[in-house]
Amino acid sequence: MRVLCVCLGNICRSPTAEAVLRSMGGDRIDVDSAGTAGWHRGKPPYDPAIAAAKTRGYDLSGLRARQITAEDFDAFDLIIGMDAQNVADIELLRPDGSDTPVKLFLGYAPEVGRTEIPDPYYTGDFDEALDLIEAAARGLLNAIRD
Ligand code: 4NP
């Protein structure tokens with residue numbers, strides 16, 4: 001299963017989601033991440049995101065930002081957005097005829113009782129983002145177990 005994690009900048013939430021899914025999912029999934037914006041293309045994740053992830057054993061340091069493209073709808077089986085704006089922006093790129101699902105990541109963690117992962121670039125709360133990303137990753141991996 002090929003999964004693309006998408007946020008706005010591809011330097012906080014989606015690279016964290018990429019590393020968490022890769023760590024928890026092993027060889028069950030191929031995972032990548034991208035941003036709806038291209039501002040940070042070629043850059044590593046934001047230092048505070050790297051530091052917060054490291055405290056939980058996830059290494060973000062080798063990841064580099066890129067912008068999502070229409071070709072990603074063919075290259076991946078599932079595209080997940082971190083918030084509703086991400087999903088709306090991703091949908092604007094959908095090629096005619098593509099039926100690749102685009103889902104909210106927290107849709108896989110209904111027990112959390114929220115739908116969006118707040119952007120830690122603005123909130124400063126990288127632990128909150130990690131908690132939500134880990135919950136969503138567990139749910140997603142359960143959902144694709146068979
Ligand atoms: P992300 O956070 O979407 O979780 O990577 C952001 C990072 C950078 C910016 C916005 C959001 N920015 O405006 O540069």
Side-chain angles (χ1 to χ4, degrees), residues 1-50 52-53 56 58-123 125-126 128-146:
M1 174 111 183
R2 301 162 300 170
V3 178
L4 182 65
C5 306
V6 177
C7 63
L8 175 58
N10 194 210
I11 59 169
C12 293
R13 293 165 295 172
S14 63
T16 302
E18 177 184 352
V20 169
L21 279 170
R22 185 171 291 127
S23 170
M24 289 183 180
D27 53 13
R28 286 155 58 201
I29 57 168
D30 281 336
V31 59
D32 191 13
S33 67
T36 57
W39 306 315
H40 303 285
R41 60 167 64 86
K43 298 278 173 50
Y46 191 41
D47 280 336
I50 294 176
R56 300 194 192 190
Y58 308 112
D59 182 10
L60 271 53
S61 64
L63 303 179
R64 295 294 179 268
R66 72 174 180 87
Q67 189 170 21
I68 186 175
T69 69
E71 287 72 44
D72 287 315
F73 280 80
D74 281 336
F76 293 91
D77 303 305
L78 171 65
I79 301 175
I80 50 175
M82 302 296 126
D83 62 37
Q85 186 64 54
N86 300 151
V87 169
D89 291 339
I90 296 162
E91 286 290 356
L92 292 174
L93 297 172
R94 180 184 293 281
D96 285 349
S98 169
D99 59 2
T100 303
V102 175
K103 307 275 195 192
L104 277 171
F105 201 16
L106 277 178
Y108 295 96
E111 74 281 3
V112 165
R114 39 203 302 191
T115 58
E116 304 189 290
I117 299 171
D119 193 336
Y121 189 77
Y122 300 116
T123 67
D125 197 340
F126 290 86
E128 173 190 60
L130 273 160
D131 287 342
L132 295 172
I133 286 166
E134 287 182 330
R138 279 191 292 270
L140 172 57
L141 290 166
N142 263 331
I144 64 170
R145 195 162 45 186
D146 312 302

- prompt: Just one of Ile79, Leu140, Ile80 clears the side-chain contact (heavy atoms from CB on, under 4.5 Å) bar with Cys5, so which one?
  reply: Ile80
message: According to salt bridge (Lys or Arg N to Asp or Glu O under 4.0 Å), who are the partners of Arg114, at least two apart in sequence or on a separate chain?
response: Glu128
message: Quick check against the 3.5 Å criterion: does Asn86 have a side-chain atom that pairs as donor or acceptor with the backbone of Asp83?
response: yes
task: Would you check if the side chain of Gln67 reaches a backbone N or O of Gly35 as a donor-acceptor pair within less than 3.5 Å?
output: no
- request: Name all residues meeting the side chain to side chain donor-acceptor pair (under 3.5 Å) criterion together with Asn10; count only those two or more places apart in sequence or in a different chain, and write none if there are none.
  value: Ser14, Ser33
field: Non-neighbouring partners of Tyr46 that pass ring pair (Phe, Tyr, Trp, His ring centres under 6.0 Å), sequence neighbours left out
entry: Tyr121
Shortest non-hydrogen contact between Arg13 and Pro118, atoms and distance: CD-O, 3.7 Å
message: If I compare all heavy atoms of Arg64 with all of Pro44, which pair ends up nearest, and what's the gap?
response: NH1-CB, 3.4 Å
field: Asp125: side chain to side chain donor-acceptor pair (under 3.5 Å) partners, not counting sequence neighbours
entry: none
task: Could you grab the distance from atom OH of Tyr58 to atom CG of Leu130, nearest 0.5 Å is fine?
output: 7.5 Å
Please tabulate, one pair per line, all N/O donor-acceptor pairs under 3.5 Å involving side-chain atoms of residues 88-97, not counting sequence neighbours.
{"from": "Asp89", "atom 1": "OD1", "to": "Gln85", "atom 2": "NE2", "distance (Å)": "3.0"}
{"from": "Glu91", "atom 1": "OE1", "to": "Arg94", "atom 2": "NE", "distance (Å)": "2.7"}
{"from": "Glu91", "atom 1": "OE1", "to": "Arg94", "atom 2": "NH2", "distance (Å)": "3.2"}
{"from": "Glu91", "atom 1": "OE2", "to": "Arg94", "atom 2": "NH2", "distance (Å)": "3.0"}
{"from": "Arg94", "atom 1": "NH1", "to": "Ser98", "atom 2": "O", "distance (Å)": "3.1"}
{"from": "Arg94", "atom 1": "NH1", "to": "Thr100", "atom 2": "O", "distance (Å)": "2.9"}
{"from": "Arg94", "atom 1": "NH2", "to": "Thr100", "atom 2": "O", "distance (Å)": "3.0"}

Flag side-chain contact, heavy atom, 4.5 Å: Asp131 against Arg56: yes
- request: Using the test side-chain contact (heavy atoms from CB on, under 4.5 Å), find all partners of Leu104 that sit at least two apart in sequence or belong to another chain.
  value: Val87, Thr115
message: Ignoring hydrogens, what is the shortest heavy-atom contact between Phe126 and Ala52? Give both atom names and the distance.
response: CB-CB, 3.6 Å
With sequence neighbours excluded, residues passing ring pair (Phe, Tyr, Trp, His ring centres under 6.0 Å) with Phe73: none
- request: Measure the CD1-OH distance between Ile144 and Tyr108 for me, rounded to the nearest 0.5 Å.
  value: 8.5 Å
field: Pairing residues for Ala109 by the side-chain contact (heavy atoms from CB on, under 4.5 Å) criterion, not counting sequence neighbours
entry: Leu106, Glu111, Val112, Ala135
Reported CD1-to-CZ distance for the pair Ile133 and Arg138, which is rounded to 0.5 angstrom: 12.0 Å
- prompt: For Ile68, does its backbone N or O pair with a side-chain atom of Asp72 as donor and acceptor, under 3.5 Å?
  reply: no
task: Could you list all the salt bridge (charged side-chain N to carboxylate O under 4.0 Å, His left out) pairs where at least one residue sits in residues 2-11, not counting sequence neighbours?
output: Arg2-Asp77
- prompt: What's the shortest heavy-atom distance between Val3 and Phe76, and which atoms?
  reply: C-CD2, 3.5 Å
- line: So salt bridge (charged side-chain N to carboxylate O under 4.0 Å, His left out) across residues 37-50, not counting sequence neighbours, yields none
Identify each donor-acceptor pair in which a side-chain atom of residues 20-32 lies under 3.5 Å from a protein atom, sequence neighbours left out, and give them as a table.
{"from": "Arg22", "atom 1": "NH1", "to": "Glu18", "atom 2": "OE2", "distance (Å)": "3.2"}
{"from": "Arg22", "atom 1": "NH2", "to": "Glu18", "atom 2": "OE2", "distance (Å)": "2.8"}
{"from": "Arg22", "atom 1": "NH2", "to": "Val31", "atom 2": "O", "distance (Å)": "2.7"}
{"from": "Arg28", "atom 1": "NH2", "to": "Leu141", "atom 2": "O", "distance (Å)": "2.7"}
{"from": "Asp32", "atom 1": "OD2", "to": "Arg66", "atom 2": "NE", "distance (Å)": "3.2"}
{"from": "Asp32", "atom 1": "OD2", "to": "Arg66", "atom 2": "NH2", "distance (Å)": "3.1"}

message: Suppose we screen for side chain to side chain donor-acceptor pair (under 3.5 Å). Which residues come up paired with Ser61, at least two apart in sequence or across chains?
response: Asp59
- line: Here the gap from Ile50 atom CD1 to Leu60 atom CG, rounded to the nearest 0.5 Å, amounts to 6.0 Å
